[in-house]
Protein chains: 2
Amino acid sequence: MGATKSEHFTDEQNQLAILTKALGHPARIAIIQYLLKVNTCICGDIVNELPLSQPTVSQHLKELKNAGLIKGNVEGNAICYCINEIGFAKIKGLFTQVDLHLEKTKNECC
Amino acid sequence: MGATKSEHFTDEQNQLAILTKALGHPARIAIIQYLLKVNTCICGDIVNELPLSQPTVSQHLKELKNAGLIKGNVEGNAICYCINEIGFAKIKGLFTQVDLHLEKTKNECC
DNA sequence: TTTTTATATTGCAATATTACGATATATATC
DNA sequence: GATATATATCGTAATATTGCAATATAAAAA
């Protein structure tokens with residue numbers, strides 16, 4: 001074994017897992033934070049910001065893009081990456097539910 | 001290779017990655033959603049809710065607990081699991097920043 | 001104390017992820 | 001066209017994750 005049994009879960013569960021899994025690496029968190037910091041599209045200096053090789057960074061960018069957390073547009077011979085709000089909006093739903101739950105229960109159990 | 005180079009990233013980045021990675025599996029999303037749904041501590045029926053064996057579910061629960069997303073208290077010979085607000089609060093910070101960013105930029109780039 | 005019930009741990013096989021050197025591709029500039 | 005620059009892909013080694021059967025542990029009930 002070793003393969004996730006995604007066919008046994010709902011589409012929503014698989015979607016949320018894909019999104020959160022894509023965030024689940026410090027390099028990819030760093031990429032998102034960098035995109036937030038520069039507050040505008042950046043066109044290729046992410047490699048210089050990270051302690052990883054160019055192919056590795058490219059791979060992380062691809063994963064974030066596939067998951068729907070960033071967008072990448074060709075801009076000359078560089079590429080402009082930026083936050084994809086759609087992906088983040090989907091995750092946000094889960095956190096809203098957590099907040100509602102905590103308000104309701106005040107987490108008085110454990 | 002194959003090991004994440006966590007020593008090259010900040011503590012905050014590693015912490016966020018640990019939290020989001022723990023959410024990055026449909027079974028663990030399903031566990032969180034179930035805890036939200038029952039709206040109270042559950043004491044062992046998670047195994048019956050999931051299409052996975054008892055050892056596998058136990059492992060997923062352990063990962064969520066280690067990451068700080070759920071708490072587990074012994075309750076007789078069963079165990080009471082529930083949401084750990086601290087873990088969720090930490091992730092929430094990232095999403096707040098994303099929201100602020102999107103408000104400021106209106107994401108007019110890509 | 002024995003048995004039952006609930007959960008955790010161990011061991012292992014299958015698969016996935018991470019990382020990077022080498023190389024390919026694609027656009028810009030000369 | 002030739003060259004430079006930016007990014008992606010391939011190939012591959014090291015490591016991590018997923019899943020479960022078997023087994024261990026620990027508390028409750030008999």
Side-chain angles (χ1 to χ4, degrees), chain A residues 1-9 13-14 17-31 34-35 41-67 69-82 110, chain B residues 1-9 13-14 17-31 34-35 41-67 69-82 110:
Chain A
M1 272 113 239
T4 294
K5 292 180 139 189
S6 34
E7 69 275 14
H8 292 141
F9 297 96
Q13 286 162 348
N14 284 314
I18 286 168
L19 288 162
T20 49
K21 188 177 188 178
L23 281 177
H25 191 287
R28 297 195 289 268
I29 292 283
I31 290 170
Y34 183 67
L35 284 171
C41 281
I42 49 94
C43 302
D45 35 20
I46 310 184
V47 172
N48 299 319
E49 286 288 320
L50 295 188
L52 296 169
S53 72
Q54 181 270 320
T56 305
V57 172
S58 180
Q59 200 175 271
H60 283 306
L61 286 166
K62 190 181 174 185
E63 281 178 62
L64 285 169
K65 197 177 168 190
N66 286 343
L69 289 166
I70 64 173
K71 293 184 275 188
N73 282 44
V74 178
E75 193 95 2
N77 71 337
I79 292 190
C80 172
Y81 280 108
C82 64
C110 297
Chain B
M1 273 112 235
T4 294
K5 293 181 141 190
S6 32
E7 68 277 13
H8 293 142
F9 297 97
Q13 285 162 348
N14 283 315
I18 285 167
L19 288 161
T20 49
K21 188 179 189 177
L23 281 177
H25 190 287
R28 296 195 289 267
I29 294 283
I31 290 170
Y34 184 66
L35 284 170
C41 280
I42 49 94
C43 302
D45 35 21
I46 309 183
V47 173
N48 299 318
E49 285 290 319
L50 295 187
L52 296 169
S53 72
Q54 181 269 322
T56 304
V57 172
S58 180
Q59 200 174 273
H60 284 305
L61 286 167
K62 189 181 175 184
E63 282 178 63
L64 285 170
K65 198 178 166 187
N66 286 341
L69 290 166
I70 63 173
K71 294 184 275 189
N73 281 43
V74 177
E75 191 98 5
N77 69 338
I79 292 188
C80 173
Y81 281 108
C82 64
C110 299

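We name chains A, B, ... by the order of the sequence lines, and we start the count at 1 in each one.
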Open item on the list: Pick the closest DNA chain D nucleotide for Phe9(A) and for Val47(A) by heavy atoms, then say which residue is nearer the 5' end.
Closed with: Val47(A)
Task: Toward the 5' end of DNA chain D, by each residue's nearest nucleotide, Pro51(B) or Lys65(A) - done: Lys65(A)
Open item on the list: For DNA chain D, which residues of residues 53-60 of chain B approach it to below 4.0 angstrom with any heavy atom?
Closed with: Ser53(B), Pro55(B), Thr56(B), Gln59(B), His60(B)
Task: For atom CG of Leu52(B) and atom C1' of dG19(D), their distance in whole Å - done: 8 Å
TODO: Output yes when at least one side-chain N/O atom of Tyr81(A) is less than 4.0 Å from OP1 or OP2 of dA8(D), else no.
DONE: yes
Task: Residue met sooner reading DNA chain C from 5', once Gly76(A) and Leu61(B) are mapped to nucleotides - done: Leu61(B)
TODO: Answer whether the closest heavy-atom distance between the side chains of Leu50(A) and Phe9(B) falls below 4.5 Å.
DONE: yes
Open item on the list: From CD1 of Ile29(A) over to C1' of dT18(C), roughly how many Å is that when rounded to an integer?
Closed with: 16 Å
Open item on the list: So, taking the atom named SG in Cys82(B) and the one named CD1 in Ile42(B), what distance separates them when rounded to the nearest 0.5 Å?
Closed with: 9.0 Å
Open item on the list: From NE2 of His8(B) over to P of dA19(C), roughly how many Å is that when rounded to an integer?
Closed with: 10 Å
Open item on the list: In this structure, how many angstroms lie between the P atom of dA16(C) and the NE2 atom of His25(A), rounded?
Closed with: 18 Å
- [ ] Taking the side chain as every heavy atom from C-beta outward, state whether Glu63(B) and Arg28(B) have any pair of such atoms under 4.5 Å apart.
- [x] yes
- [ ] Find the distance Ile46(A):CD1 to dT5(D):C1' and express it as a whole number of Å.
- [x] 17 Å
Task: Interatomic distance, Leu64(B) CG vs dA8(C) C1' [rounded to whole Å] - done: 16 Å
Open item on the list: In whole Å, I'd like the distance from the CD atom of Glu75(B) to the C1' atom of dA8(C).
Closed with: 18 Å
TODO: Say whether, by atom type as modelled, one donor and one acceptor occur between the side chain of Ser6(A) and the main chain of Asn14(A) under 3.5 angstrom.
DONE: no
- [ ] Would you please name every residue forming a side chain to side chain contact (heavy atoms under 4.5 Å, CB included) with Gln54(B), sequence neighbours left out?
- [x] Val47(B), Ser58(B)
Open item on the list: How many whole angstroms separate atom CG of Asn77(A) from atom C1' of dT27(C)?
Closed with: 5 Å
Open item on the list: Looking at dT7(C), I'd like to know if its phosphate oxygens (OP1 or OP2) sit under 4.0 Å from a side-chain N or O belonging to Lys62(B).
Closed with: no
Task: Phosphate-side-chain proximity, Lys21(A) and dT17(C), N/O vs OP1/OP2 below 4.0 Å - done: yes
Task: Close side-chain approach of Ile79(B) and Asn73(B), heavy atoms under 4.5 Å - done: no
Task: Non-neighbouring partners of Thr56(B) that pass side chain to side chain contact (heavy atoms under 4.5 Å, CB included), sequence neighbours left out - done: Leu52(B), Ser53(B), His60(B)
